[in-house]
Each structure stands twice: as structure tokens, then as C-alpha cells.
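Just follow the structure's listing: the first ligand is 1, and inside any ligand the first atom is 1.
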Amino acid sequence: MRSAVVVGAGIGGLAVAGALARTGWQVTLLEREERIRPGRAALLLWPNGVRAMSALGLGAGLDAIATPMRPAGLRRPDGQWLRQTTAGGADGATPYVVHREDLHDALVAGLGERIDIRPGVTVRTIRADEYRPAVSDGTTTWEADLVVAADGVRSAVRQRLVPASQPVSGGYAAWRAVIPWYRTPELPAGTPAAGETLSVGHRFIHASLGERRSAGASSRGGIYWMATVPGAARPEPPDAQLALLRRWFAGWHEPIGQLLAVTDPEDLVQETVSELRPMPDSFVFPGGGGGYALLGDAAHALVDHLGQGACLALEDAATLQALVRDVSPGPALVSALQTYQRDRRPRVARLARQAHRLASVLQGRGSRLGTRARGVALGTIAPRLFESAAAGASDWHPQGDLTS
Ligand SMILES: Cc1cc2nc3c(=O)[nH]c(=O)nc-3n(C[C@H](O)[C@H](O)[C@H](O)COP(=O)(O)OP(=O)(O)OC[C@H]3O[C@@H](n4cnc5c(N)ncnc54)[C@H](O)[C@@H]3O)c2cc1C
């Protein structure tokens, strides 16, 4: 039987492990945490991410948990519109918002019964030679036809295969929170259910997850928000971080102040934002009639202004599944992996360029403009950049057979 080891049980690892198992692969899933746990807060799933979920056979589960975001548009802190979204989305790229725990439940349900799940295993080394691929935690070695490295931006597998690619700070700190449905505030009539507000360096996004179970049988509901500010991650405890956020975003239009006021410190998740530099030239490393494939943030963590990292991990999983579904170890599997590389790398590299362009406007990264000129650029360039980046990123369709 064809065998695969998947390293990492984040969104990408869970998606690809289930997909391979459903197509007849014998799968071992290794995760360093003692429990396979969901990430916290919520995520935007763009149309490409939704299509990837469907291609993975998980579309029905998503229907029950995802809420259309229907963003009202982009605003300045004083509430002035930079761009107003017309009904159905200005660019035909309306995202869905989904609670991370709901998404996790859907991905775990998709694992089925046959996967050998090993929590509490930290992969430290790999065997990269002409023999079958193998990974080890220093005590036990797992060998397989295919090793999928889905172990995130600090991937131990990638660090062995592509040591030159290293995580680099994205230059900003990010927070996410879901205010649970039973603590959501009464917002003034006419407050958009979702929106995004920008100043030079600072950004705030909110989206309603609706009432509990409003989207479907298992949605947790609530209100999601995300905020970014320039600089490094904050070392203070969560209550002090929350006080800082309330100060930084004081005076921004409602409902931002209202949402921060009802957020509890335990709702708050500070995220480290890193990108991989340089992006690996290759996402696959053949060996022994199969090889290693990098997937998700392990292959291509981006500065996350596009909100696409999880969607791209799902695209990777759907593409890999389609390519290896019917192949056996040997030249056919090696060729399928090379097709994965040819398909995925150019797309992700294009999105990375767009993310950098957005970073130069939103954060002034690599920009020689002063604050005032950046403020003007924000009003003129950012809406167009967002629109074309969202449309470009969303315009992905799964392919049944990429090898033909
Ligand atoms: C503030 C912020 C907002 C974001 N918003 C969005 C959004 O709205 N939409 C979107 O699509 N994306 C978004 N993203 C990006 C998205 O969260 C990530 O790209 C995505 O979660 C990456 O998934 P992954 O499975 O590749 O990696 P990870 O989620 O990092 O999972 C890696 C897994 O591997 C495990 N692991 C690590 N090392 C080892 C090891 N040595 N051995 C065994 N296991 C190991 C880890 O414990 C973890 O479970 C956002 C990111 C940030 C920072």
C-alpha cells in the first residue's frame, strides 16, 4: 500500500492527511503538540479556499459553519470611505468567515478512521538521500513513499532541505479575537456586519460570525476582529496588550471601540507574523520513488496582508491530492510531485509579490515616502491594490488532472 507521513496537524496537515487517506494512502500524522488542537479566533476563507475545501470533499461541512463576510468596504479611521463595496462584493471575491474551532472540527471529521495519528511527536531530522524518505524525532523513524512537510513557518523538515529559507519578521504585530456570541454588543443600527479600516501602519478588520448556529448546525457564532500595528510582538500580558490596543485604536469609528471594549483578555490571541525569505526554489525533493513535498506555511509563509495563508495551504492539499490520487510509488509519483512544484510555486510567488506591494503601502515597507505621502497613497493605491490582489488570489480553480 502507498504510504505517506504528514508532519504537522495545522490546517494544511489535517487537510492533506484526510485527503490522502480518502484516496487510499496509508497515512501517519505526526504532531508535536500533545493534542491535535484548533488555532484560536477565526479566519477568512476566500473563494479559492472555499473551492479547495470542496475539491477536498469538505465543502458540505463548510456550508454548515461559514458565514459570508459581506464587507462594507475600506474606511479611514474617521469613517470616511476609501472604497465602498457594492452588493455581492466589488470584485466578485467575497470571503467567508469561519471560526477556527469550527474549521478544525470539519477537518478532523474529514480524517476518517484509518489514519495513524501520533500527537506529542516533534520531528527533528529527516533522511534525505536516495532511499525512501523518512523523518525522525530522535527516537523513532517513520519511513514512507511520500513525506508531506506541513509543519509551519519554522518547519524542521524544510530547514533540513532548504536551510537558506528562514522565517523573517513581517514587521508588524497582529492580534485576533472572537467575542463569543453571548457577549456580542448591541451595535448601532446600520453598522455593517463586516468591514476594514486602515491608517498608515494600523489596520482593523471585523466580521460577524452571526448568532450561534445561524450559519448552520455547528457554527459557534460571535464577532471576529483582527488588528495590526507596526513593530514587534508585544511582551506584556494579555490585559496590558488589550489596554494598548484600546489606546492605539481610540477615536477610530465605531464599532471598533465598542468591540475592543467588550473583548476580554482571554479572547485575545497575539500572532507572530513571519514570512519565508527567500521562498524555497522548490517545494519538492524526490527520493526513493517518491519524496518530500512542502505544503502551506512550511513552503511559502507570506506577510499576511492578503489573508490567504490558510487558503493557500488548502489549495496545496487539494492539488497534491489530485496529483497523487491514482499514482504508484516510482517514476509516476516523482513526476506527480514535479507537477505539484510547477503548479504551486509560480502562483504563490505571484501572491508574495502582491503581498509585498500591499506591505509597502500599508506599512511603508521599502517605501521612501514620508507619512503624509503614505497617507495619500493609502487613499489612492491601497483600494485598487486590495481589489486586484483579492481578485487574483481568489481566481483559482482545482484541476482534476494537472498531469495531462
Ligand atoms: C494575524 C493573522 C491573520 C491571518 N488571517 C488569515 C485569514 O483570514 N485567512 C487565511 O487564509 N489565512 C490567514 N492567516 C494565515 C494562516 O493562519 C496560516 O497561513 C495557516 O494557518 C498556515 O497553516 P499550516 O497548516 O501551513 O501551518 P501551521 O498552522 O503553522 O501548522 C503547523 C503544525 O505543525 C506542527 N509542528 C510544527 N513543527 C513540528 C515538528 N517539528 N514536528 C511535528 N509537528 C510540528 C505545529 O504544532 C502545527 O500544528 C493569518 C495569519 C496571521 C498571522
Side-chain angles (χ1 to χ4, degrees), residues 5-17 28-50 52-53 66 69 71 95-100 103-104 107 117-126 135-138 142 147-160 167 169-170 172-177 194 196 203-205 207 224-229 233 268-276 294-317 348 351 355 390 393-394:
V5 168
V6 175
V7 185
I11 291 171
L14 289 173
V16 78
T28 304
L29 176 59
L30 308 177
E31 165 58 45
R32 75 174 164 200
E33 299 289 337
E34 293 299 330
R35 276 182 46 225
I36 309 276
R37 276 199 303 236
R40 290 184 52 207
L43 271 177
L44 308 188
L45 278 185
W46 295 85
N48 51 317
V50 174
M53 286 286 284
M69 187 173 155
Y96 283 71
V97 57
V98 61
H99 201 295
R100 291 281 298 249
L103 180 62
H104 178 82
L107 293 171
I117 301 174
R118 305 283 181 101
V121 173
T122 301
V123 167
R124 298 183 195 284
T125 58
I126 67 162
V135 295
S136 169
D137 64 352
W142 288 267
V147 168
V148 182
D151 48 346
V153 63
R154 294 180 196 286
S155 166
V157 179
R158 187 203 61 243
Q159 288 189 17
R160 295 277 160 170
S169 164
Y172 59 99
W175 286 266
R176 297 197 259 195
E196 178 160 358
R203 186 177 180 199
F204 195 97
I205 296 174
Y224 168 58
W225 64 256
M226 187 194 88
T228 62
V229 304
L268 202 62
V269 193
Q270 181 173 209
E271 309 258 7
T272 314
V273 186
S274 307
E275 66 172 326
L276 265 190
L294 306 181
L295 182 145
D297 277 8
H300 46 63
L302 308 178
V303 280
D304 211 71
H305 294 308
L306 296 173
Q308 276 284 346
C311 297
L312 292 174
L314 292 167
E315 284 185 20
D316 290 347
V348 181
L351 294 186
S394 299

- prompt: If you round to the nearest 0.5 Å, how far is NE2 of His305 from CD of Glu275?
  reply: 9.0 Å
message: Assess the residue pair His104 and Ile36 against the criterion (side-chain contact (heavy atoms from CB on, under 4.5 Å)); give the C-alpha distance rounded to whole Å, side-chain angles, the decisive distance to 0.1 Å, and a yes or no.
response: CA-CA 9 Å; His104 178 82; Ile36 309 276; 3.8 Å; yes
query: Are there more than 12 heavy atoms of other residues, nucleotides or ligands under 6.0 Å from atom CZ of Arg160?
result: no
Are there any protein N or O atoms under 3.5 Å from the N or O atoms of ligand 1? List them with distances, or say none.
from: ligand 1; atom 1: 5 (N); to: Arg176; atom 2: NH1; distance (Å): 3.2
from: ligand 1; atom 1: 8 (O); to: Leu44; atom 2: N; distance (Å): 2.8
from: ligand 1; atom 1: 9 (N); to: Leu44; atom 2: O; distance (Å): 2.9
from: ligand 1; atom 1: 9 (N); to: Gly307; atom 2: O; distance (Å): 2.9
from: ligand 1; atom 1: 11 (O); to: Gly307; atom 2: O; distance (Å): 3.3
from: ligand 1; atom 1: 11 (O); to: Ala310; atom 2: N; distance (Å): 2.9
from: ligand 1; atom 1: 11 (O); to: Cys311; atom 2: N; distance (Å): 3.0
from: ligand 1; atom 1: 12 (N); to: Gly309; atom 2: N; distance (Å): 3.2
from: ligand 1; atom 1: 12 (N); to: Ala310; atom 2: N; distance (Å): 3.0
from: ligand 1; atom 1: 14 (N); to: Asp304; atom 2: OD2; distance (Å): 3.3
from: ligand 1; atom 1: 19 (O); to: Asp297; atom 2: OD1; distance (Å): 2.8
from: ligand 1; atom 1: 19 (O); to: Asp297; atom 2: OD2; distance (Å): 3.3
from: ligand 1; atom 1: 19 (O); to: Ala310; atom 2: N; distance (Å): 3.4
from: ligand 1; atom 1: 25 (O); to: Ile11; atom 2: N; distance (Å): 3.3
from: ligand 1; atom 1: 25 (O); to: Gly12; atom 2: N; distance (Å): 2.9
from: ligand 1; atom 1: 26 (O); to: Asp297; atom 2: N; distance (Å): 2.9
from: ligand 1; atom 1: 38 (N); to: Arg32; atom 2: NH1; distance (Å): 3.4
from: ligand 1; atom 1: 41 (N); to: Val123; atom 2: O; distance (Å): 3.0
from: ligand 1; atom 1: 42 (N); to: Val123; atom 2: N; distance (Å): 2.9
from: ligand 1; atom 1: 44 (N); to: Arg32; atom 2: N; distance (Å): 3.2
from: ligand 1; atom 1: 47 (O); to: Glu31; atom 2: OE2; distance (Å): 2.6
from: ligand 1; atom 1: 47 (O); to: Arg32; atom 2: NE; distance (Å): 3.3
from: ligand 1; atom 1: 49 (O); to: Glu31; atom 2: OE1; distance (Å): 2.7
from: ligand 1; atom 1: 49 (O); to: Glu31; atom 2: OE2; distance (Å): 3.3

task: Side-chain contact test, heavy atoms from C-beta onward, threshold under 4.5 Å: evaluate it for Leu302 versus Leu312 and give yes or no.
output: yes
field: Arg154 side chain to Gln159 backbone, donor-acceptor under 3.5 Å
entry: no
message: Going by side-chain hydrogen bond (donor to acceptor under 3.5 Å, both in side chains), name the residues that satisfy it together with Glu271, two or more places apart in sequence or in a different chain.
response: Arg176
